[in-house]
Amino acid sequence: MAGDERACYVYGVVADDRPDESVKDLPAVGDPEAPVTLVRQGGQAAVVSEVPVDKPLGTPEDLRTHARVLDHLAAQGSPVLPFRFGTVVRDTAAVADELLAEGHDDFARGLDRLRGLTQLTVRARYEQDAVLREVVTEQPEARRLRDELRGLPEDAGYEQRIELGQLVMDSIAAKRSVDALELDRRLAPYALSSVSEEPASPEGLVNASFLVEDAKRQAFEEAAEELAAHWHGRVRMRLLGPLAPYDFVADATLEGKEGDE
């Protein structure tokens, strides 16, 4: 292929009532100089930009840019159906005549179900020193092992170090289960749906996403602030949003389809 050949990168689908200015000056995946535009068809619009076909996608900056475009659209208050990173179509004609035309009913269903809703994500992680103090305070065996190891050289007490490490990991896992339930108990009443996953880092507590009605967003944020204050010094919480509904877009399209059968 020629080095200057271009294709069409697709970020997601929005309703056709979005003005062209809503995507003006946004960064673009694969080519920072490419304008982000709207391709309109049948009352819907795909958010797109051109990418060079000979340049592989997938850098951290590409991933961040993909999310920035979609989250910018979500913050404007109208529904957006985010596509997975890396969705590339031949050209704008194919976007209109194939992607939008063939997916019209599913896209319409999803946009309708997500209208007036937003995704808010909570990322919670333990303050490591605080949670370790809890373990030592609550677990006599942890105190005993710590005291035995105190003052020993680094290459001594191998078995005790392994035992203490396992005890700490098990204790934090038990705390994680209890605290994740507490977070859900406090925040889920303000959401229509939620999903959560354990974070990969040892000090992570939970990553939880909530689909929240616009009318309940303030109450949700206040509940999150109250929980953060309750856990101050023990757990560090970050509230992200409004975000594009990455974790709920499949349900928005599929559940409505099943209900129509």
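Values reported hereafter were calculated over all heavy atoms of this structure, with side chains retained and with hydrogens, waters and symmetry mates removed.
- In the hydrophobic clustering of ILVMFWY residues, with side-chain heavy atoms under 4.5 Å counting as a link, F210 and V206 come out together.
- Side chains of E50 and T92 form no contact here, defined as non-hydrogen atoms less than 4.5 Å apart.
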Point to revise | Step-by-step side chain to side chain contact (heavy atoms under 4.5 Å, CB included) determination, D54 to E5 | key: CA-CA 8 Å; D54 60 346; E5 190 171 350; over 6 Å; no
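- Between P79 and R115, the closest heavy-atom pair is CD-NH1, 3.8 Å.
- Taking the charged nitrogens against the carboxylate oxygens, R109 and D112 have no contact shorter than 4.0 Å, which rules out a salt bridge.
- Atom CD of residue E203 and atom CD1 of residue I172 lie 9.0 Å apart, to the nearest 0.5 angstrom.
- Checking side-chain atoms of H230 against main-chain N and O of E225 turns up no donor-acceptor pair under 3.5 Å.
- Criterion: ILVMFWY side-chain heavy atoms under 4.5 Å apart, direct or through other members. Under it, V136 and L132 are not part of a common hydrophobic cluster.
- The backbone N or O of A173 sits less than 3.5 Å from a side-chain atom of S177, completing a donor-acceptor pair.
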Tell me which donor-acceptor pairs under 3.5 Å the side chains of residues 180-192 have, and how far apart each pair is, sequence neighbours excluded?
unit_1	atom_1	unit_2	atom_2	d
E182	OE1	R185	NE	3.0
E182	OE1	R185	NH2	3.4
E182	OE2	R185	NH2	2.9
E182	OE2	R186	NE	2.8

Exercise for review: Test R123 against L205 for side chain to side chain contact (heavy atoms under 4.5 Å, CB included), laying out the working first.
Suggested key: CA-CA 8 Å; R123 293 180 181 170; L205 195 169; over 6 Å; no
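- Side-chain contact between D247 and Q119: present, with at least one pair of heavy atoms (C-beta onward) separated by less than 4.5 Å.
- With C8 as the fixed residue, the side-chain contact (heavy atoms from CB on, under 4.5 Å) test singles out one of T87, L99, V95: V95.
- When all heavy atoms of A34 and A28 are compared, the pair lying nearest together is O-CB, 3.2 Å.
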Point to revise | From CA spacing to verdict: side-chain hydrogen bond (donor to acceptor under 3.5 Å, both in side chains), D62, T65 | key: CA-CA 5 Å; D62 286 338; T65 298; 5.6 Å; no
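- Here R68 pairs with E61 in a salt bridge; the nearest charged N to carboxylate O distance falls below 4.0 Å.
- P82 is listed as a side-chain neighbour of P245, based on a closest heavy-atom distance under 4.5 Å.
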Practice item. Might you work through the salt bridge (Lys or Arg N to Asp or Glu O under 4.0 Å) test for K55 and D31, ending with a clear yes or no? Key: CA-CA 9 Å; K55 179 183 177 182; D31 179 1; over 6 Å; no
Check your understanding: Yes or no on side chain to side chain contact (heavy atoms under 4.5 Å, CB included) for T37 and V48, after CA distance, side-chain angles and deciding distance?
Key -> CA-CA 5 Å; T37 60; V48 306; 3.4 Å; yes
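- Within the 4.5 Å cutoff, side-chain heavy atoms of R217 are placed close to those of P242.
- To the nearest 0.5 Å, the span separating CD on E102 from CD on Q41 amounts to 11.0 Å.
- Looking only at side-chain heavy atoms (C-beta outward), R125 and P199 stay at 4.5 Å or farther from each other.
- At least one donor-acceptor pair under 3.5 Å links the side chain of R176 to the backbone N or O of G204.
- A salt bridge (charged side-chain N to carboxylate O under 4.0 Å, His left out) check over residues 71-97, counting only residues at least two apart or in different chains, returns the pairs R90-E98.
- Salt bridge present: D20 and R40 bring a charged side-chain N and a carboxylate O closer than 4.0 Å.
- Here the side chains of F83 and V13 are in contact, with some heavy-atom distance below 4.5 Å.
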Exercise for review: Apply side chain to side chain contact (heavy atoms under 4.5 Å, CB included) to L227 and M237, showing your working.
Suggested key: CA-CA 9 Å; L227 182 57; M237 286 177 51; 3.9 Å; yes
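- Looking only at side-chain heavy atoms (C-beta outward), F248 and S193 come within less than 4.5 Å of each other.
- Heavy atoms of other residues, nucleotides or ligands lying less than 6.0 angstrom from CD of Q128 number 12 at most.
- Going from atom CG of L114 over to atom OG of S78 covers 12.0 Å, rounded to the nearest 0.5 Å.
- Among all heavy-atom pairs drawn from P19 and S22, the shortest one is O-OG, 2.6 Å.
- Remark: E138 engages K175 in a salt bridge, criterion side-chain N to carboxylate O under 4.0 Å.
- Annotation: the span from S209 atom OG to E197 atom CD amounts to 7.5 Å, rounded to 0.5 Å.
- Distance check: E221 CD to L120 CG gives 6.0 Å after rounding to the nearest 0.5 Å.
- Membership of the apolar cluster around L243 extends to Y9, Y11, V14, V23, L26, V29, V36, L38, V47, V51, L57, L63, V69, L70, L73, V80, F85, V88, L240, Y246, as traced through chained side-chain contacts below 4.5 Å between ILVMFWY residues.
- From Q44, atom CD reaches atom CZ of R18 across 13.0 Å, with rounding to the nearest 0.5 Å.
- Look at D179 and R234 and you find a salt bridge, because one of the NZ, NE, NH1 or NH2 atoms lies within 4.0 Å of a carboxylate O, short of that distance.
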